[in-house]
Amino acid sequence: MISRIYFYHFDFYRFNFPEEFLDAGLGEYFRDDAVCLVEWPQNAAGYMPTADLVLRLHFARRARELEIVAGSEEGRECLMALRSGWSHAAG
């Protein structure tokens with residue numbers, strides 16, 4: 001076994017209606033033992049669970065900046081652990 005966590009990537013760019021999330025049966029992938037990376041989540045608004053973490057890429061001159069925002073208590077805990085790991089790695 002490689003991992004006990006399932007990783008899925010979804011791109012809802014081509015959704016014409018949020019209900020397509022239900023029609024495709026995608027709700028079953030959003031479980032406690034899964035990480036779901038979703039692009040264009042607004043195209044499934046009202047049908048997807050609340051994101052634990054929201055990642056946004058911003059263009060800044062010749063680089064990109066990553067903004068991470070917690071959307072749940074689990075997300076806040078994850079973000080705190082990430083920040084702690086980054087400070088130890090930099091120190």
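Keep in mind that this is a model prediction, so the values were computed, not measured.
Hydrophobic clustering places Leu37 together with Val35 (ILVMFWY residues linked when any side-chain heavy atoms are closer than 4.5 Å, directly or through intermediates). No continuous path of ILVMFWY side-chain contacts below 4.5 Å connects Leu82 to Met80, so the two sit in separate hydrophobic clusters. When hydrophobic clusters are built by joining Ile, Leu, Val, Met, Phe, Trp and Tyr residues whose side-chain heavy atoms come closer than 4.5 Å, directly or via intermediates, Leu22 is grouped together with Tyr29. In terms of hydrophobic clustering, with Ile, Leu, Val, Met, Phe, Trp and Tyr side chains grouped at heavy-atom distances under 4.5 Å, Leu57 and Leu55 are assigned to a common cluster.
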Verdict with supporting geometry, Val54 and Ile68, side chain to side chain contact (heavy atoms under 4.5 Å, CB included): CA-CA 6 Å; Val54 175; Ile68 304 174; over 6 Å; no
Step-by-step side chain to side chain contact (heavy atoms under 4.5 Å, CB included) determination, Phe21 to Phe15: CA-CA 8 Å; Phe21 179 85; Phe15 275 19; 3.9 Å; yes
Candidate pair Phe30 and Val38, rule side chain to side chain contact (heavy atoms under 4.5 Å, CB included), full reasoning: CA-CA 11 Å; Phe30 292 78; Val38 179; 3.9 Å; yes
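When all heavy atoms of Pro41 and Phe12 are compared, the closest pair comes out as CA-CD1, 4.3 Å. Contact between Tyr13 and Asn43 at its shortest, heavy atoms only, is O-ND2, 3.4 Å. Counting all heavy atoms, side chain and backbone alike, Ala45 lies closest to Pro18 at O-CB, 3.5 Å. A pairwise comparison of heavy atoms in Leu53 and Gly75 identifies CD2-O, 3.4 Å as the closest pair.
At least one donor-acceptor pair closer than 3.5 Å links the side chain of Glu20 to the backbone N or O of Phe17. Proximity of a side-chain donor or acceptor of Asp33 to a complementary backbone N or O of Ile5 within less than 3.5 Å is not detected.
Using a 4.5 Å cut-off on side-chain heavy atoms (C-beta onward), Glu67 and His58 make contact. Looking at heavy atoms from C-beta onward, Trp40 lies in side-chain contact with Asp11 at the 4.5 angstrom threshold. In this structure, Met48 and Phe10 have side chains that are not in contact, with every pair of non-hydrogen atoms separated by 4.5 Å or more.
For the pair Arg31 and Tyr6, the cation sits on the ring face: its NZ or CZ lies under 6.0 Å from the ring centre, inside 45° of the axis.
Within 6.0 Å of atom CD in Glu39, more than 12 heavy atoms from other residues, nucleotides or ligands are found, so the atom counts as buried in its surroundings.
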